[in-house]
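This report refers to the structure that appears directly beneath it.
The residues of the chain are indexed from 1 along the displayed sequence.
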Amino acid sequence: MKAYKKVNETLDVGPIEVKVKEMKVMHATPDYSMIDFFHGYTHDEDFDIVKVNVEIKNNSDKKIKFSPVAFLETDRGEHLTWEDEIYLEGLTGEIEGNGSKSGNIGFILNDGNIKGISVMSSDAVDDERKVLAKGKSAEFAF
């Protein structure tokens with residue numbers, strides 16, 4: 001592990017509440033069996049990952065479409081989008097009314113010597129594609 005921060009901060013995006021619990025920067029050398037998976041993101045044999053643990057709660061009774069991290073930028077200028085996310089724990093997408101999800105969001109970094117990140121959530125959107133709340137940004141330092 002290269003960096004760790006217990007965060008416990010909440011970001012409100014309309015009816016959606018995102019609690020950022022903790023974040024880490026880790027150096028990874030994947031097992032040979034995982035090489036093909038990671039080649040979709042990098043051709044390096046080892047790399048740094050920023051991992052953010054979140055809990056998402058839908059405080060409305062309606063289904064909401066939402067992504068806790070639409071994009072992420074490091075303090076070193078690296079810009080990543082939700083399409084670069086590697087954990088694939090299903091945190092992006094629909095959240096049932098009064099439902100919740102929790103898990104990790106992770107991104108491979110070109111430069112893991114970071115001191116902080118800024119994240120931008122997606123908009124909170126209902127089934128009729130109406131924007132209930134614009135996405136919010138937040139900055140976190142290690």
Side-chain angles (χ1 to χ4, degrees), residues 1-60 62-97 99-142:
M1 186 164 350
K2 296 177 85 171
Y4 173 82
K5 171 81 179 220
K6 190 166 192 74
V7 179
N8 287 327
E9 289 184 31
T10 301
L11 186 66
D12 292 313
V13 184
I16 301 294
E17 181 180 295
V18 180
K19 183 175 184 180
V20 177
K21 295 176 154 186
E22 65 180 16
M23 57 188 199
K24 301 174 183 177
V25 177
M26 303 172 293
H27 188 75
T29 305
D31 184 78
Y32 183 76
S33 65
M34 293 296 295
I35 295 289
D36 285 343
F37 172 77
F38 285 109
H39 274 178
Y41 301 97
T42 182
H43 289 286
D44 295 338
E45 290 183 20
D46 61 328
F47 43 83
D48 294 326
I49 297 172
V50 61
K51 177 179 173 182
V52 182
N53 182 263
V54 298
E55 185 176 285
I56 308 162
K57 185 175 179 193
N58 180 355
N59 291 314
S60 79
K62 295 183 176 18
K63 191 183 301 182
I64 305 288
K65 293 180 178 122
F66 182 75
S67 176
V69 179
F71 68 83
L72 177 144
E73 188 170 356
T74 71
D75 65 319
R76 305 201 39 115
E78 189 169 353
H79 184 86
L80 301 158
T81 71
W82 62 273
E83 294 169 312
D84 301 310
E85 205 273 311
I86 63 170
Y87 278 97
L88 310 176
E89 293 186 2
L91 298 177
T92 293
E94 293 181 344
I95 304 172
E96 293 296 325
S100 63
K101 296 180 180 183
S102 63
N104 297 298
I105 297 169
F107 298 88
I108 293 174
L109 301 174
N110 288 324
D111 182 353
N113 298 312
I114 62 172
K115 304 243 184 300
I117 60 172
S118 62
V119 296
M120 177 77 177
S121 78
S122 74
D123 297 343
V125 180
D126 68 13
D127 275 346
E128 287 87 43
R129 297 185 178 167
K130 178 183 172 199
V131 174
L132 303 174
K134 288 295 211 182
K136 296 245 179 101
S137 64
E139 293 185 21
F140 304 103
F142 284 99

Side chains of [X] and [Y]: does their closest heavy-atom pair fall under 4.5 Å?
X	Y	result
L91	I105	yes
V20	F140	yes
L72	V50	yes

Regarding [X] and [Y], does a basic nitrogen lie under 4.0 Å from an acidic carboxylate oxygen?
X	Y	result
E94	K63	yes
R76	D111	yes
K19	E9	no
K2	D48	yes

Is the backbone of [Y] close enough, under 3.5 Å, to the side chain of [X] for a donor and an acceptor to pair up by distance?
X	Y	answer
N53	E22	no
D123	V125	no
E139	I117	no

What pairs with Y87 under ring-ring contact (aromatic ring centres under 6.0 Å, His included), at least two apart in sequence or on another chain? none

Picking from F71, F66, W82, what satisfies side-chain contact (heavy atoms from CB on, under 4.5 Å) with S121? F66

Sort out for me which residue in E85, K24, E89 forms a side-chain contact (heavy atoms from CB on, under 4.5 Å) with N104. E89

How many angstroms lie between atom CD1 of I16 and atom NZ of K136, to the nearest 0.5 angstrom? 11.5 Å

